[in-house]
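Read through the structure below, which is laid out as structure tokens, and then see the notes.
Proteins come first, then strands; the chains are lettered A, B, ... in the order of their sequence lines, and each starts at number 1.
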Number of protein chains: 2
Amino acid sequence: MATLKEVAKLAKVDPSVVSRVVNNDPALNIKTETRKRILDAIEKMNYRPNLSARNLKKGQSKMLGMIIPDFSNPVYSSMIHGAEDQAAHEGYNLLVYSMKQKGLEKSYSPLLEGQIEGLLIANSEIDNKEILELKKTKKPFILVNRFVPGIDNYVVANDVLGAKLATKHLIDQGHHLIAHISGPLFTGTGLNRFQGYREGLQEKNVDFSPVYVQESKYTVESGYESMQRLLDLPTPPTAVFASNIMICLGAMKAIHDRGLSVPKDISIIGVHDVFFASTLQPPLTTIEMPLYDMGKEAVKKLITIIQGDEGENERGIMIDGASLILRSSTSPPPFS
Amino acid sequence: MATLKEVAKLAKVDPSVVSRVVNNDPALNIKTETRKRILDAIEKMNYRPNLSARNLKKGQSKMLGMIIPDFSNPVYSSMIHGAEDQAAHEGYNLLVYSMKQKGLEKSYSPLLEGQIEGLLIANSEIDNKEILELKKTKKPFILVNRFVPGIDNYVVANDVLGAKLATKHLIDQGHHLIAHISGPLFTGTGLNRFQGYREGLQEKNVDFSPVYVQESKYTVESGYESMQRLLDLPTPPTAVFASNIMICLGAMKAIHDRGLSVPKDISIIGVHDVFFASTLQPPLTTIEMPLYDMGKEAVKKLITIIQGDEGENERGIMIDGASLILRSSTSPPPFS
DNA sequence: CTGTTAGCGCTTTCAC
DNA sequence: GTGAAAGCGCTAACAG
């Protein structure tokens, strides 16, 4: 619409002066009177700076990108909000893509084309290889809730701790036949939660039994099937630790479909305290992970990398903290 | 990184020629040999066009914005996906903001600053007044799932139809004491679903009773409270039609907390078939609205407006269609 | 305290 | 078929 030049003309000053007041130039040696005239002109013409021009000039875009697998996956919403808040706080916008329809190529291109200055990858579906490839471009990016060997720019949670919390809670309730439906064991979260499960068992002197471990995907369907297998065991578990909320939902359904009841027959606990956990029947006991903070910290670190130009020699970050949200899906086992 | 100019130098041609091949200029009068040389140079230098520059030059940004209230609200994820898909299809990117931390001002500014070419407003939290204000700027925007008097750029679903479907289903099951927990009655969706409820009742010759209507917000808490009030009635309803999924979740919880059972004591049906509806206990009967298509159509129309420069004289669009997703939260009433 | 100048990287007439 | 030149709107030295 109105350009800086036009404003300048109306205010009878040079465009550069207008630029200075618009940007609140710290060297604000501008006569109060002139400033007022300019401000008036801006107001009158309804002037708004053109970002493309500014970005071109300054070689920046003040935009960050974020790739997630799917907007409907509730696990990501907290991360997005954290990232969004921090980005806004630092004057950046966040462009969130789901991978639903885009290939990776499309997800990277905004980065390569300077549309975004950095990329948050919160997505287990992208191949390690492709990420290593991206590294070669030297463009700033960061992995969120994910670990890839050879990449130091990542922010993860303490999944071992969270899993240990869950497992120990089950043991404290009196269970010792505790199954684990894990995430994919080629993912950092899946692996670490599995490890936390084992450590929790060990620290409480409960035997580990491989038959009680079902490797699953992070989906409702996969959780459902895994739970079925567990229920088919000669001695089914009395409690289940689900590696994430989707699995947990599927597992609960499988239990109900067998005519069993939670927690009377089987206790269940899952990672991720999504908003509807408390509305489920029974209300779900969960482990809350610091998803929001992960998003926040990821953006913080990403911006550091962007500004440091070099960066990326630092190690990854682990956001500590995981809390047991006690509700009603866990209770002592039937015969204890 | 590498600029067009540098590529040109390497390929020993003029920058303009490079530009033409990069853009696949339809007037592709370019010798195959030259083109090859240029392509090689691009490859070798890993050249990617700078979008800020291109956008500045062409006075566009190929970006659309979308405001939603909250990423964790599952109602919006389908709309986002639809919008995203269509945007990608037409060569646009979608910048999705939640209103969580930003004021309206911040949400509009990308539009005014030319960062985005158009805005999808999928948000009941924004004041009508502010939207009317936005209209004055003549910038392209469109309302999604929302109606504001005086604004013709909108895409809505057939909420009356959806509500009628739900109500009639309940009646067909044998209910006649059917309550409705409505959304806010100053919103289009709330109002239309209420109307659909009344029409459904009327068409099936069931009496309408104002005491069975609770106006609520679209939140779990509000649904919970409304349901409590309904249960406190001298003659509580035997079935409930919840105006959206959040309300439905809250209402279900209230029913359970009273020691009542769904659907044995009370049937319940809600609008919006979110992914976890089938995993609930009991699996929820819902009305599926064409959310994905609304997102898609909204983008389509928005782009039309953007390209038509004028536009906006057309009327709003209603995406027809609503389906009953029959599961187990509805059944015949106790004594029928 | 304000104006001049140059240029960010790209596209687009218009020439040749 | 390719090159020259101008300019999108803004900012950042540098003068004055």
Closer than 4.0 Å, any side-chain N/O of B:Ser19 to the OP1 or OP2 of C:dT12? no
Between B:Tyr154 and B:Val144, is there a side-chain heavy-atom distance shorter than 4.5 Å? no
Decide yes or no on side chain to side chain donor-acceptor pair (under 3.5 Å) for B:Ser61 and B:Tyr92, but give the supporting numbers first. CA-CA 8 Å; B:Ser61 69; B:Tyr92 280 79; over 6 Å; no
Both B:Lys57 and B:Asp14 contact DNA chain D. Taking the nearest nucleotide for each, which residue is further toward the 5' end? B:Asp14
Rounding to a whole Å, what distance do you find between A:Leu4:CG and D:dT11:P? 6 Å
Gap between atoms NZ and P, on A:Lys36 and C:dC1 respectively (whole Å): 18 Å
C:dT2 base / A:Thr34 side chain donor-acceptor hit below 3.5 Å: no
Proximity to the side chain of A:Thr3 - top-ranked nucleotide from D:dG9, D:dT11, C:dC10: D:dG9
Provide, to the nearest angstrom, the distance between the NZ atom belonging to A:Lys12 and the C1' atom belonging to C:dG3. 16 Å
If you check the A:Ala53 side chain, which of C:dT2, C:dT4, D:dG9 turns out closest? D:dG9
Between A:Lys301 and A:Asn153, is there a side-chain heavy-atom distance shorter than 4.5 Å? yes
Expressed in angstrom and rounded to an integer, what is the separation of B:Leu51 atom CG from C:dC8 atom P? 18 Å
Picking from C:dG3, C:dC10, D:dT11, the nucleotide nearest the side-chain atoms of A:Arg20 would be C:dG3
If the threshold is 4.0 Å, N to carboxylate O, is there a salt bridge linking A:Glu6 and A:Lys9? no
Looking only at side-chain atoms of B:Leu56, point me to the closest of C:dG9, D:dT2, C:dT4. C:dG9
In whole Å, I'd like the distance from the CZ atom of B:Arg54 to the P atom of C:dC8. 18 Å
Calculate the interatomic distance between A:Asn50 atom CG and C:dC8 atom P; express it in whole Å. 18 Å
Whole-Å gap separating P (C:dT2) and CD1 (A:Ile38): 7 Å
Atom CG of A:Asn55 to atom C1' of D:dG9: distance rounded to whole Å? 11 Å
Check A:Glu33 with A:Lys36, please: is the shortest side-chain N to carboxylate O separation under 4.0 Å? no
Does the side chain of A:Asn23 get closer than 4.0 angstrom to OP1 or OP2 of D:dT11 through an N or O atom? yes
